[in-house]
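First the structure, in the form of structure tokens, and then the observations on it.
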Amino acid sequence: MASIGFIGLGNMGLPMARNLMKAGHQVTGFDLSEAALAALESEGGARAASPVEAVSEVDGVVTALPAAQHVRGVYLGEGGILAAPRPGTIFIDCSTIDVETARAVIAEAGTRGQMMIDSPMSGGVGGASAGTLTFMAGGSAQAFAAAEPVLQAMGKNIFHAGDAGAGSAAKICNNMMLAIQMIAVSEGFNLAERLGLEAEKLYEISSTATARCWALNDYCPAPGPVPASPANRDYQPGFAAALMLKDLRIAMQAAQAAGAHTPMGAQATQIYSLMDLAGQSERDFSGVIKLLRGDI
Ligand code: NAD
């Protein structure tokens with residue numbers, strides 16, 4: 001059993017903290033939201049009055065924050081958590097952020113003699129609740145070894161992607177591929193409809209043919225073929241289009257900085273921006289099928 005400080009008890013963080021407690025760890029949490037702190041307390045966790053208090057006497061720290069500026073603020077800002085802990089604490093940032101920020105914060109942790117990894121996650125709120133998240137970690141072998149038991153309590157597939165920032169690189173590449181695939185599958189189902197081919201029939205064929213992929217087989221954007229997919233509950237997330245757009249923007253910045261050609265990624269970013277402009281960014285990202293169909 002370890003003591004864990006948890007900062008960012010949102011849609012992902014709270015169920016992750018719950019799984020840490022289920023695995024026998026003691027969790028002390030901090031969030032700006034009173035409701036999140038009350039929820040943690042009601043489930044047996046302790047609340048801290050500040051980020052520093054949450055991390056001062058713990059073996060490990062997990063952060064699950066909205067975006068890079070929050071990660072910089074919590075780690076490096078005034079009252080930043082890297083200043084506080086006892087030696088040997090492992091810091092695990094599970095937020096989806098850009099590679100550059102991940103590397104900068106991990107480098108600063110190293111300068112202060114602390115171990116840290118970037119470990120973004122995949123699997124959504126469902127995976128966070130079930131403890132089946134995929135984690136892709138970047139950092140030294142020693143830091144990864146220290147983080148692994150903590151990650152195991154929250155996830156099923158845990159990968160050491162490489163050095164600092166490699167986890168964030170894997171995450172944005174994965175999500176850029178996923179966004180492109182979701183748009184491609186949506187276009188296929190929209191065309192089939194115009195051609196008088198039923199969604200169920202296209203699914204039956206394509207899910208076993210060369211177009212098969214997770215966006216089609218497991219998360220079909222057309223209502224009907226996959227009962228568990230958000231298409232059957234009016235595109236309630238799931239994984240909100242706003243989060244996909246955030247990840248695509250990070251990927252496009254990285255592509256520009258690295259000189260990589262990603263024309264389909266750029267197109268996907270435009271399409272998800274249109275979903276945002278249409279006021280639909282809180283819908284599941286598979287709701288892009290409605291935008292492409294001309295319904296929103
Ligand atoms: P969320 O907005 O639900 O939760 C973030 C929490 O951080 C909120 O409770 C907020 O109050 C808290 N917070 C913000 N600033 C803070 C600060 N300075 N100090 C303390 N707490 C602060 O977001 P989420 O859906 O839980 O996602 C967290 C991260 O995980 C994001 O980077 C997201 O991109 C990534 N992610 C989300 C999903 C998903 O399906 N939701 C899937 C994979 C990865």
Side-chain angles (χ1 to χ4, degrees), residues 5-19 27-41 45 47-55 61-82 84 91-99 101-102 105 118-137 151 154-157 167-168 170-176 178-179 182 214 219 230 235-251 272 281-287:
F6 206 116
I7 300 177
L9 298 159
N11 291 326
M12 297 293 285
L14 189 61
M16 291 160 74
R18 190 178 296 134
N19 283 323
V27 176
T28 302
F30 178 75
D31 195 291
L32 300 176
S33 148
E34 169 57 32
L37 288 171
L40 178 74
E41 249 183 339
R47 73 158 72 197
S50 68
V52 165
E53 190 184 306
V55 309
V61 174
V62 181
T63 50
L65 294 160
Q69 70 266 29
H70 308 95
V71 173
R72 276 190 191 272
V74 165
Y75 279 84
L76 307 177
E78 203 180 318
I81 58 176
L82 283 181
F91 288 87
I92 304 169
D93 179 38
C94 299
S95 322
T96 303
I97 61 170
D98 61 284
V99 176
T101 300
V105 179
D118 59 311
S119 186
M121 51 202 170
S122 159
V125 176
S129 300
T132 55
L133 291 169
T134 294
F135 288 102
M136 39 213 113
L151 295 174
M154 304 184 289
K156 200 167 90 179
N157 298 309
S168 302
K171 172 72 184 175
I172 58 166
C173 292
N174 180 76
N175 279 21
M176 184 184 76
L178 172 60
M182 185 54 80
W214 185 86
Y219 211 85
Y235 300 95
Q236 293 308 305
F239 185 57
L243 288 176
M244 181 55 94
L245 180 57
K246 172 194 141 185
D247 294 357
L248 282 166
R249 286 179 171 151
I250 296 172
Y272 277 102
S281 60
E282 293 313 315
R283 284 191 189 260
D284 188 79
F285 82 111
S286 61

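Whatever order the structure lists ligands and atoms in, that order sets their numbers, starting from 1.
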In chain order, what residues pass the side-chain hydrogen bond (donor to acceptor under 3.5 Å, both in side chains) check against Asp93, with sequence neighbours excluded?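 Asp93 satisfies side-chain hydrogen bond (donor to acceptor under 3.5 Å, both in side chains) with Thr63, Ser95 only.
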Salt bridge (Lys or Arg N to Asp or Glu O under 4.0 Å) partners for Glu282, two or more places apart: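 So Glu282 forms no salt bridge (Lys or Arg N to Asp or Glu O under 4.0 Å) with any residue.
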Please state whether the rings of Tyr272 and Phe285 are parallel, tilted or perpendicular, taking 30° and 60° as the class boundaries.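 Taking Phe285 first and then Tyr272, their aromatic rings sit tilted (interplane angle of 30° to 60°).
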I would like to know whether Val55 and Ile7 meet side-chain contact (heavy atoms from CB on, under 4.5 Å); could you show each step before the answer? CA-CA 9 Å; Val55 309; Ile7 300 177; 4.0 Å; yes
List of N/O pairs, ligand 1 versus protein, all under 3.5 Å?
residue: ligand 1; atom: 3 (O); partner: Asn11; partner atom: N; Å: 2.9
residue: ligand 1; atom: 3 (O); partner: Asn11; partner atom: ND2; Å: 3.2
residue: ligand 1; atom: 9 (O); partner: Asp31; partner atom: OD1; Å: 3.2
residue: ligand 1; atom: 9 (O); partner: Asp31; partner atom: OD2; Å: 2.7
residue: ligand 1; atom: 11 (O); partner: Asp31; partner atom: OD1; Å: 2.6
residue: ligand 1; atom: 26 (O); partner: Asn11; partner atom: N; Å: 3.3
residue: ligand 1; atom: 26 (O); partner: Met12; partner atom: N; Å: 2.8
residue: ligand 1; atom: 32 (O); partner: Leu65; partner atom: O; Å: 2.8
residue: ligand 1; atom: 32 (O); partner: Pro66; partner atom: O; Å: 3.0
residue: ligand 1; atom: 32 (O); partner: Thr96; partner atom: N; Å: 3.0
residue: ligand 1; atom: 32 (O); partner: Lys246; partner atom: NZ; Å: 3.0
residue: ligand 1; atom: 34 (O); partner: Lys246; partner atom: NZ; Å: 2.9

List for me each residue that meets side chain to side chain contact (heavy atoms under 4.5 Å, CB included) alongside Thr134, sequence neighbours excluded, and say none if there are none.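 With sequence neighbours excluded, Thr134 shows a side chain to side chain contact (heavy atoms under 4.5 Å, CB included) to Ser122, Met136, Asn157, Phe159, given in chain and number order.
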side-chain contact (heavy atoms from CB on, under 4.5 Å) for Leu245 and Ser281? Distances and angles first, verdict last. CA-CA 8 Å; Leu245 180 57; Ser281 60; over 6 Å; no
